[in-house]
Amino acid sequence: MKDYNFGQIERKWQDKWSKDSLYQTQDSEDKPKYYILDMFPYPSGAGLHVGHPKGYIATDIVARMKMLQGYNVLHPMGWDAFGLPAENFAIKNKVHPREMNERNIATFKSQLEKIGFSYDWNREINTTDPEFYKWTQWIFLQMFKKGLAYESYEPINWCPSCQTGLANEDLEDGRCERCDSEIEQKPMRQWVLKITDYAERMLNDLEKLPEWDNSIKEMQKNWIGKSEGALVKFEVRISNFDSNSNDLISENKNLKLNIEVFTTRIDTIFSAAFVVVAPEHRLIEKLKEQIENYDEVIDYVKKAKNKTDLQRTDLEKDKTGVELKGIKAINPANNKEIPVWIADFVLGYYGTGAVFADAHDERDFEFAKKYNIPLTESIAPLFTGTCNDKPRKDKKTVKRRNIEAIIKHWEKDEYFCLNWKFNNWKSFIIGGIEKDESIEDAAIREIKEESGYQNMKVIKNIGYEMHSEFFAPHKDINRYAQRNCVYIELLDGEYKKPRLEDIKNHNGSWIKKEEVDKFLTIKESKISWDILQNGEKPFTKKGILINSEQFNGMTSDEAMPKIIEWLRKKGLAEKEVNYKLKDWVFSRQRYWGEPIPIIHCEKCGVVPVPEKDLPVVLPEVESYEPTGTGESPLANIKDWVNTKCPKCDGKAKRETNTMPQWAGSSWYYLRYIDPHNDKALVDKDKEKYWSPVDFYVGGAEHATRHLIYARFWHKFLFDIGMVNYEEPFIKLQHVGLIMAEDGRKMSKRWGNVINPDDIVEEFGADAMRVYEMFMGPFAQSCDWSTKGLIGAKRFLEKVWRLFQEKELISCEGKCAEISKTIPPLFHKTIKKVGEDIESMNFNTAISQMMIFVNECSCHKLLPKSAMENFLILLSPFAPHIAEEIWTNLGHEKSIFLEKWPEFNPNMIKNKIIEMVIQVNGKVRDKIQVSADISETEIKKKALASEKIQKYISNQEIKKVIFVPGKIFNLVVE
RNA sequence: GCCCGGAUGGUGGAAUUGGUAGACACAAGGGACUUAAAAUCCCUCGGUAGUAAUACCGUGCGAGUUCAAGUCUCGCUCCGGGCACCA
């Protein structure tokens with residue numbers, strides 16, 4: 001008997017497959033295509049750890065299955081090799097990044113090859129290859145021509161350690177994603193791509209991607225961050241005519257200055273109590289003369305500028321601001337004059353850099369409290385049924401204004417509460433407000449009537465107006481109540497017995513402070529109590545409009561479009577949409593990237609490099625060190641930088657900034673289709689055949705970076721007719737990370753990295769492949785366990801022995817005579833394995849194969865055809881062992897040229913099944929019956945069972961539930 | 001704070017979408033083979049009670065719907081991920 005010598009077998013087949021070009025993809029075949037893609041790796045110096053191949057194994061399994069199912073499969077691999085780590089390493093070790101790259105790629109490739117992937121290495125690409133980045137530059141030029149690439153001088157994210165500008169997507173919590181340094185805002189010239197032009201399409205087209213991982217779609221939605229609202233104009237008025245010269249007055253008359261404000265809550269406009277502008281707002285400079293405390297204001301602006309974004313956006317810090325004295329704004333809804341403030345919690349780069357503030361936003365509320373700015377409310381919450389008392393359709397609704405009074409005992413820390421007799425209401429004292437009565441007076445009157453206590457002091461109003469609609473049984477009506485809450489302290493115990501009529505509905509009692517919250521059942525009472533205990537909180541949700549003139553009583557959603565329309569007619573507002581997504585800062589002041597193909601001419605200005613001159617090759621430099629001046633190291637190479645203008649032939653300089661690492665990966669998947677084309681980035685016919693990518697697998701960390709950028713570029717390429725479909729990736733699945741055995745990320749830093757080479761050496765590539773797929777659900781992250789590998793290896797050894805020890809007999813339809821169990825089980829296995837690969841449930845596919853193998857090992861004779869087909873099912877997971885056994889069985893051609901087996905549904909159905917018999921839903925017996933047994937028959941059998949009789953005894957059978965093939969349930973109680 | 005996921009034995013995880021909870025594996029314990037070890041094979045393996053048959057309990061917690069809930073509904077708790085002064 002031959003031993004399972006995986007090392008020898010795996011090496012042998014890897015060589016043979018490569019020699020036979022088994023995985024070379026042909027273009028124009030008559031077969032349906034299947035393009036399956038991995039996110040190509042960045043070849044770092046550390047090499048691969050066992051977590052990296054997880055996604056590659058999955059795509060390899062799918063690719064091999066599709067191949068066997070008769071698809072023309074494109075399954076390529078390449079290198080995303082530009083970028084900072086290679087450059088930083090090169091600087092440190094004085095090697096050229098290109099050399100570094102070549103070494104790293106060689107390591108990566110040899111590691112991958114040992115795992116036995118079916119990549120077509122003829123299509124290997126490398127983003128740093130001039131023949132590749134020629135086309136990256138070409139795409140940039142097309143964008144430039146369409147106005148989508150532009151120069152900007154706005155302040156951008158600057159990493160002081162990497163000494164380069166960065167895009168928003170390159171930040172993590174306000175720090176550099178690469179080196180963790182705090183990011184500064186630095187104004188500098190930079191190239192920017194107008195990704196915001198595509199924001200709406202990128203958002204909407206997510207709908208066209210039903211096969212994308214939902215979590216990734218959600219992340220993209222949040223990243224694009226669309227909010228719909230309105231742009232509102234607040235007219236600026238100068239309030240200090242008297243103290244200024246006549247010149248100013250005349251100037252002021254012509255001012256007609258507005259502060260434009262973006263809001264998503266126009267329904268709160270009537271309560272807009274002040275306007276806040278960001279420190280960078282241009283209004284400050286414009287009103288230099290009119291702002292009375294300009295020195296103070298400019299001092300605040302400077303301080304804000306000196307803060308990093310991280311400091312400015314620290315949520316913990318106290319909000320600060322300065323009022324612009326001498327300046328007022330006009331609330332466009334009610335023409336009230338309101339103050340204008342400057343504060344750094346307002347962001348200059350979002351919306352218009354100015355907001356209106358009111359009582360319905362936590363930040364505004366906090367800010368107003370701190371600086372004593374008076375607030376009014378414009379929205380009240382609406383509760384429908386506050387305590388199991390939903391309004392009834394057949395009753396009429398009566399409106400009433402209510403008070404609720406929280407009353408504190410004159411000596412003890414106890415509060416007077418009501419327990420209502422006819423309902424589960426538990427509240428403080430509640431009563432109506434009579435005509436012309438104030439809230440406070442109503443509260444005092446109600447307390448006297450309902451509690452009997454006479455002397456008290458009103459302390460304060462609590463919280464905000466609340467509306468509720470509920471059924472009031474004691475009045476037999478639906479009540480629509482507008483309730484305000486007052487906090488009152490009793491002065492002494494003087495008491496007059498209440499009239500019976502006033503207290504017939506409830507019992508009053510004193511409740512200890514700590515028990516009040518538990519006692520109360522009515523929502524409004526609980527909210528008021530919470531506010532009394534824990535401090536004021538604004539109501540920030542949508543509700544019912546109050547204090548809003550003609551809009552009173554509408555819901556927020558009803559009112560918003562109406563208010564916009566009303567203001568729009570007056571020229572004071574319009575609909576507006578805002579996105580969190582910012583344009584893509586596309587230049588890096590570093591060496592190791594694609595040169596931006598632009599020439600700056602002294603006469604003609606910015607001139608694109610003519611397409612015929614592409615690629616603009618990255619020149620050799622002596623030092624790759626960043627200059628830190630905002631220029632890339634390329635600026636030092638005089639004979640490269642100095643060039644002639646392609647337009648006027650005059651003196652000109654090359655653009656010295658390079659592209660970010662994300663550039664090449666934004667379109668690389670198209671190049672695999674036609675990797676050696678020197679006429680176009682991809683041949684049109686080939687693109688039409690292969691594109692879009694059918695299935696894309698990679699890490700979720702790319703959700704808001706690579707996957708956003710690639711979709712943007714692809715849509716642009718679609719717009720200029722380079723690709724045939726608007727989305728690059730039809731189906732997207734994210735890989736769950738493999739963590740180290742200690743639960744941490746695998747990293748040199750923790751010394752917990754496991755190298756796949758070692759695992760392949762000790763257990764074999766096939767075992768590693770099977771294990772990584774068996775660990776758990778594919779998308780879920782899980783901890784590596786070298787012990788767990790043993791199970792995978794045992795399984796493969798078992799398969800090996802099966803074919804060594806058992807006798808395989810061809811049976812020509814007589815398989816049933818050899819074994820009754822194998823054929824049905826095998827057909828079930830075909831079904832399960834195929835479906836599970838399709839849905840990425842590799843763990844259960846493997847478990848099904850294990851079940852099959854376990855069953856086989858109980859038999860001496862096995863049907864040959866089933867066993868051969870089983871090898872085909874196994875081959876995507878463990879290609880080497882499958883191919884070896886296949887050959888040992890006498891086949892000359894590769895197993896991967898075979899056909900994926902089909903299952904026969906009739907074979908799967910069991911003729912005899914175990915029917916579960918339940919009494920009252922509990923399993924009491926199991927009976928072997930034929931699968932198509934009728935209800936009457938099973939009932940007979942069930943009643944005949946002693947076990948069942950025991951549970952039924954003499955009780956009457958009230959109900960019978962019969963689920964054919966599954967369950968029979970007798971209900972006796 | 002907001003938006004997504006999750007929570008099932010000692011462990012990783014199954015469960016045909018409401019129908020036998022714990023498949024498949026790992027670990028552990030016991031046994032067979034062996035001079036011995038490794039490998040392999042067999043048995044046990046959610047909890048409690050019992051020699052056992054069996055009974056009761058059991059899918060983060062609390063309610064609910066149903067003949068029947070890991071699965072559906074409502075209300076919480078905890079964990080993971082993303083976003084975050086986004087007006």
Side-chain angles (χ1 to χ4, degrees), chain A residues 172-174 213-223 225-227 229 261-265 268 276 278 312-317 319 343-347 349-358 360-364 366-367 540 578-582 700-701 703-704 734 736-737 770-771 774-777 779-792 794-795 797-798 801 828 831-832 835 841 843-851 853-854 857 914-926 947 950 958-963 965-973:
Chain A
E172 245 167 36
D173 297 328
D213 227 1
N214 243 331
S215 60
I216 291 184
K217 283 202 276 190
E218 282 304 316
M219 279 191 230
Q220 292 213 348
K221 265 185 210 165
N222 290 339
W223 190 261
K226 181 181 181 178
S227 36
V261 159
F262 175 69
T263 180
T264 54
R265 289 295 302 275
T268 66
V276 192
R312 240 185 97 170
T313 59
D314 182 3
L315 283 163
E316 299 305 310
K317 81 159 192 207
K319 301 206 184 332
D344 68 1
F345 77 84
V346 175
L347 305 170
Y349 53 78
Y350 183 78
T352 59
V355 299
F356 74 71
D358 59 43
H360 301 290
D361 179 281
E362 264 165 63
R363 289 156 306 175
D364 301 348
E366 189 192 322
F367 193 83
T540 59
N578 254 297
Y579 301 91
K580 282 198 241 177
L581 183 74
K582 280 168 69 179
E701 69 272 19
T704 54
H734 82 261
L737 290 177
V770 169
Y771 170 62
F774 187 61
M775 288 174 87
Q780 190 179 297
S781 84
C782 48
D783 298 345
W784 177 265
S785 151
T786 303
K787 267 186 186 167
L789 255 165
I790 292 165
R794 275 186 201 150
F795 166 62
E797 282 167 342
K798 225 171 187 177
R801 274 202 310 276
K828 200 176 155 194
K831 180 168 190 275
K832 182 106 180 104
E835 287 173 357
N841 297 119
N843 53 338
T844 47
I846 292 168
S847 108
Q848 183 62 38
M849 289 192 286
M850 287 172 168
I851 292 169
V853 169
N854 288 346
S857 58
E914 194 176 62
M915 177 73 72
V916 171
I917 313 295
Q918 296 183 332
V919 178
N920 294 332
K922 286 190 175 175
V923 182
R924 296 306 183 187
D925 200 5
K926 295 165 187 178
K947 286 181 188 171
K950 208 170 101 191
K958 291 196 174 142
K959 203 170 172 183
V960 170
I961 288 110
F962 176 59
V963 183
K966 274 180 192 154
I967 224 158
F968 183 75
N969 187 9
L970 293 162
V971 184
V972 292
E973 58 184 20

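All chains are named by letter (A, B, ...) in the order of the sequence lines, taking the proteins before the strands, and each is independently numbered beginning at 1.
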With 3.5 Å as the limit, what N/O pairs link the protein to nucleotides 55-58 of chain B?
residue	atom	partner	partner atom	Å
B:A55	OP1	A:Tyr951	OH	2.3
B:C56	OP2	A:Arg924	NH1	3.4
B:C57	OP2	A:Lys922	NZ	3.4

To the nearest 0.5 Å, how far apart are [atom1] in [X] and [atom2] in [Y]?
| X | Y | atom1 | atom2 | answer |
| --- | --- | --- | --- | --- |
| A:Asp783 | A:Leu737 | CG | CG | 11.0 Å |
| A:Lys226 | A:Leu581 | NZ | CG | 13.0 Å |
| A:Ser857 | A:Arg801 | OG | CZ | 8.5 Å |

Distance, rounded to the nearest Å, where [X] contributes [atom1] and [N] contributes [atom2]:
| X | N | atom1 | atom2 | value |
| --- | --- | --- | --- | --- |
| A:Met219 | B:C83 | CE | C1' | 10 Å |
| A:Ile216 | B:C83 | CD1 | P | 13 Å |
| A:Glu797 | B:A38 | CD | P | 16 Å |
| A:Glu172 | B:A84 | CD | C1' | 14 Å |
| A:Asp344 | B:C86 | CG | P | 13 Å |
| A:Lys947 | B:U20 | NZ | C1' | 13 Å |
| A:Asp213 | B:G82 | CG | P | 15 Å |
| A:Tyr579 | B:A87 | OH | C1' | 17 Å |

What's the gap between [N] and [M] when it is taken at their [atom1] atoms, as a whole Å value?
| N | M | atom1 | value |
| --- | --- | --- | --- |
| B:C33 | B:A52 | P | 27 Å |
| B:U20 | B:C67 | C1' | 16 Å |
| B:C74 | B:C26 | C1' | 39 Å |
| B:G18 | B:C24 | C1' | 24 Å |
| B:U59 | B:A69 | P | 11 Å |
| B:A25 | B:G46 | P | 15 Å |
| B:C42 | B:G50 | C1' | 27 Å |
| B:U71 | B:A49 | P | 28 Å |

Between [X] (side chain only) and [Y] (backbone N and O only), is there a donor and an acceptor less than 3.5 Å apart?
| X | Y | value |
| --- | --- | --- |
| A:Arg265 | A:Thr540 | yes |
| A:Tyr771 | A:Ser785 | yes |
| A:Asp364 | A:Asp358 | yes |
| A:Asn920 | A:Val972 | yes |
| A:Asp925 | A:Lys947 | no |
| A:Asp361 | A:Arg363 | yes |

Give me the distances for all protein-to-nucleotides 21-29 of chain B N/O pairs that come in under 3.5 Å?
residue	atom	partner	partner atom	Å
B:A25	OP1	A:Asn854	ND2	3.0
B:C26	OP1	A:Arg794	NH1	2.6

Any side-chain heavy atom of A:Ile846 sitting closer than 4.5 Å to one from A:Met850?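 In contact.
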Is the shortest heavy-atom distance from the side chain of A:Asn214 to the side chain of A:Lys217 under 4.5 Å?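 Heavy-atom side-chain distance check passes, below 4.5 Å.
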For B:U17, decide between syn and anti, treating a glycosidic angle within 90° of 0 as syn. syn
Have a look at B:G30 and give me syn or anti from its glycosidic angle (syn if within 90° of zero).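 Nucleotide B:G30 adopts anti.
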Sugar-phosphate, base or nothing in reach of A:Val346, heavy atoms under 4.0 Å: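 It contacts base atoms.
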Regarding A:Tyr349, tell me which of base, sugar-phosphate or nothing describes its non-hydrogen contacts under 4.0 Å with the strands shown.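 The residue A:Tyr349 makes base contact.
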Given the rule in the side chain to side chain donor-acceptor pair (under 3.5 Å) test, do A:Asn969 and A:Lys959 qualify, once you have shown the distances and angles that lead to the verdict? CA-CA 8 Å; A:Asn969 187 9; A:Lys959 203 170 172 183; over 6 Å; no
Heavy atoms from C-beta onward define the side chain here; which of [options] lies closest to that of [X]?
| X | options | result |
| --- | --- | --- |
| A:Lys966 | B:G19, B:C3, B:C67 | B:G19 |
| A:Arg363 | B:C67, B:G82, B:A87 | B:A87 |
| A:Lys580 | B:G19, B:C83, B:U40 | B:C83 |
| A:Val971 | B:G82, B:A87, B:C67 | B:C67 |

Would you kindly compare A:Val916 and A:Lys832 by the position of their nearest RNA chain B nucleotide and give the one closer to the 5′ end?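 Its nearest nucleotide being more 5', the pick is A:Lys832.
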Assuming nearest nucleotide by heavy-atom distance, tell me which of A:Phe262 and A:Glu914 is located more 5' along RNA chain B.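 Residue closer to the 5' terminus by nearest nucleotide: A:Glu914.
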Just to be sure I follow the notation: if a pair is Watson-Crick (purine N1 to pyrimidine N3 plus N6-O4 or O6-N4) or a G-U wobble (N1-O2 and O6-N3), each under 3.5 Å, what dot-bracket string does RNA chain B give, with | for pairs to another strand? (((((((..(((......[....))).(((((.......))))).((((....))))..(((((..]....))))))))))))....
N-O pairing of A:Arg794 and A:Glu797 below 4.0 Å: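 Salt bridge flag = no for A:Glu797 with A:Arg794.
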Under-3.5 Å donor-acceptor pair between A:Asn969 side chain and B:C67 base: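 Flag set: donor-acceptor pair detected.
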Heavy-atom donor-acceptor pair, A:Lys319 side-chain to B:C85 base, under 3.5 Å: yes
Could you tell me if A:Lys798 and A:Asn854 have a donor-acceptor pair between their side chains, going purely by distance under 3.5 Å? yes
Is A:Ser781 near enough to B:G80 that one of its side-chain N or O atoms lies under 4.0 angstrom from OP1 or OP2?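 A:Ser781 to B:G80 OP1/OP2: no side-chain N or O under 4.0 Å.
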